[in-house]
Amino acid sequence: MPIPMSSREIADDLSARIRAGEYAPGQKLPSLREFAELYSVSISTIQRALELTRDRGLTVGRAGVGVYVAESW
């Protein structure tokens, strides 16, 4: 059984995907649950990863709406 990715590894992967254009500026990202399933980790791990992408200026959260790719980074 493979070792699950850490929140930092997930944040690095998401950052690379955003920079590569897989997720466009202003685009809503998948839900926490969808990301948790994609990476086979807990929702709390995804939350920490998304906090890291926010700290890097790549994403913004909108309360009750979701997480979006920042318009400019």
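Just so you know, these numbers use all the heavy atoms, side chains as well, and skip hydrogens, waters and symmetry mates. Residue numbers run from 1 in the order of the sequence given. Nothing here was measured: the structure is a model prediction, and the numbers come from that model.
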Judged by atom type as modelled, is there a donor-acceptor pair below 3.5 Å linking the side chain of Gln27 to the main-chain atoms of Ala24?
-> yes
For residues Leu52 and Ala11, report the shortest heavy-atom separation together with the two atoms involved.
-> CB-CB, 3.7 Å
Ile18 side, atom CD1; Leu29 side, atom CG - distance, nearest 0.5 Å = 5.5 Å
Per side chain to side chain contact (heavy atoms under 4.5 Å, CB included), Phe35 is matched among Ile43, Val41, Leu14 by Leu14
Specify the closest pair of heavy atoms between Ser40 and Pro4, including all atoms of both residues, with the distance to one decimal.
-> O-CB, 4.1 Å
Any side-chain heavy-atom pair from Tyr23 and Pro30 closer than 4.5 angstrom?
-> yes
Which distance, rounded to the nearest 0.5 Å, do you find between the OG of Ser44 and the CZ of Arg48?
-> 4.5 Å
Nearest-0.5 Å distance that lies between atom CG in Leu32 and atom CD in Glu37 | 11.5 Å
Enumerate donor-acceptor pairs with a distance under 3.5 Å from any side-chain N or O in residues 57-68 to protein atoms, sequence neighbours excluded.
| from | atom 1 | to | atom 2 | distance (Å) |
| --- | --- | --- | --- | --- |
| Thr59 | OG1 | Thr53 | OG1 | 2.9 |
| Thr59 | OG1 | Arg54 | N | 3.2 |

Can you tell me how far CD1 of Ile46 sits from CD of Glu34, rounded to the nearest 0.5 angstrom?
-> 11.0 Å
Under a 4.0 Å N-O cut-off, is there an ion pair linking Asp12 with Arg17?
-> no
Considering non-hydrogen atoms only, spot the tightest contact between Pro25 and Glu71 and give its length.
-> CB-O, 3.5 Å
Determine the minimum heavy-atom distance between Met5 and Asp13, stating which atoms define it.
-> CE-CB, 4.3 Å
Residue pair Ala49 / Ser7: nearest heavy atoms and the distance that separates them | CB-O, 3.4 Å
How far does CZ of Arg33 sit from CG of Leu38, to the nearest 0.5 angstrom?
-> 14.5 Å
